[in-house]
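Here the structure comes first, spelled out in structure tokens, and everything after it is commentary.
Remember, predicted model here, so these are calculated numbers, not experimental data. We count ligands from 1, going down the list as the structure has it; atoms in each ligand are counted the same way.
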Amino acid sequence: MSGTHTSGGVVWLGSPAFPEAARSAVADTRLRTNLRKATGTIRDKRVAAAAELDDWEELRTAAAAIKRATLRHLDHHLLRLEESVTAVGGTVHWAADAAEANRIVTRLVRATGETEVVKVKSMATQEIGLNEALAAAGITAYETDLAELIVQLDDDRPSHILVPAIHRGRAEIREIFRERMGEWGKPAPEGLTDDPRQLAEAARSHLREKFLNTKVAVSGANFAAADTGTVAVVESEGNGRMCLTLPETLITVMGIEKVLPSFADLEVFLQLLPRSSTGERMNPYTSMWTGTVPGDGPRAFHLVLLDNGRTATLRDTVGRQTLGCIRCSACLNVCPVYERTGGHAYGSPYPGPIGAVLTPQLAGVERAASLPFASTLCGACYDACPVKIDIPEVLVHLRARAVDAARGGSLPTPESLAMKAAALTLATPRRLSFAQRAGALGSRLLARRGVLRRLPGPLHRWSDTRDTPAPPRETFRAWWRRTRPENQ
Ligand code: SF4
């Protein structure tokens, strides 16, 4: 895979725009098979896990309310979090953008004298391109989440929030392990098959030495409670637990929107998150830490609070609901577009419906203008979202912003001309009636079996791929006049 691109605060946007990237993705039948199988399985499990709770809808409503209220007073909760973390022995750093966050983490690692770090899967560090920034400073970051490890060994990019290697099948993973594991750490065992247990065991022994010897860890955070300064990471494999407890220094990079007012709020989110993401009642490992404790766990704890476009997102009264996302990936698994294109087509660490609304807001709509259009607006994402983010509403809102941004001061686009013509036509009944008669005439000339063969000019791009019903030969008004002469 080609090198990482950084555009604005979010990495990878140098990739082709969505329509182009999606075209090659949908032509990859193996990718589509892998995606269909994986998303279908997780989707069914999620529905069953949610159905077990009588108060599922109430939990969703509570989560949405907590997130909305927190975002309204985000500054207050963040200052409170800083106070609480400092009081329990941690150090809080504020990063306005990706470059500043990378500088802070690099400085902190350098201060330890170490040149290696182990990492727990973290979307925020992918967003800022931390691994690349550390590499440029001579520090190697080792991903320890199984899927992240696969992606890293393959010089690839994650394509799903929860299952970053969802685009790889088991046989492909075995080949990656056999070819690349020996480059650092323990190589893949002889005779490794594609049995999931064998693959997991190979990864476990490959990583063990890193866990035991590396003195610095970098993590993300799912939640942080402002009242106690407690930070929480939710994961399935136990690699997070190792990273969060064994090293001497722990550096956590967290988007500022992850703060919750109180520890008690976790009760709501820890019920919603595992059921929405893996379809489990409870995730296998929930690690929580509150500062540092002598003789137990890391001796130094640093919390880097990352803005990187979030404050700007907060200013948008429609778009700000996106910041309530808890990265469960339920919206990806139900999205018909994601299921066919996979995550790479979105050109960002945030794929699927949430990526289509989050990336343009974090990176700037003009840099990711095609993403809000990467949706059928079917609304499945809204139904699945545990925090009730109205993704279709934000998509439509961002489409308008993308169109406005593209228009700028330049010539009007064909689309805006068409909209102006429609507005002019619909302004008076006489104009509408004239347009309907013209349409009926055109229909007689161009239609075959009620379908227009090919629309003229650039409109042919519509009729080339869809049936375009011909306008009726008789308008409703004409039919009314003909059949109800008494009403004239
Ligand atoms: S937008 Fe909702 S469904 Fe999608 S990842 Fe975020 S919380 Fe989950």
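- For the residue pair E237 / Y285, no side-chain donor-acceptor distance below 3.5 Å is found, with atom types taken as modelled.
- Residues E52 and K45 are not paired through a salt bridge, judged by the lack of any N-O separation under 4.0 Å between the basic side chain and the carboxylate.
- A side-chain N or O of T286 and one of N283 form a donor-acceptor pair less than 3.5 Å apart.
- Ring-centre distance between H206 and F177: not below the 6.0 Å cut-off.
- Excluding waters, the count of protein N/O/S atoms less than 2.8 Å from atom 8 (Fe) of ligand 1 comes to 1.
- In this structure, K258 forms no cation-pi arrangement with F223, as its terminal cationic atom is not both closer than 6.0 Å to the ring centre and no more than 45° off the ring axis.
- Contact atoms of ligand 1 toward I391: 1 (S) (distance under 4.0 Å to a heavy atom of the residue).
- Between the side chains of R241 and S287, at least one donor N or O sits under 3.5 Å from an acceptor N or O.
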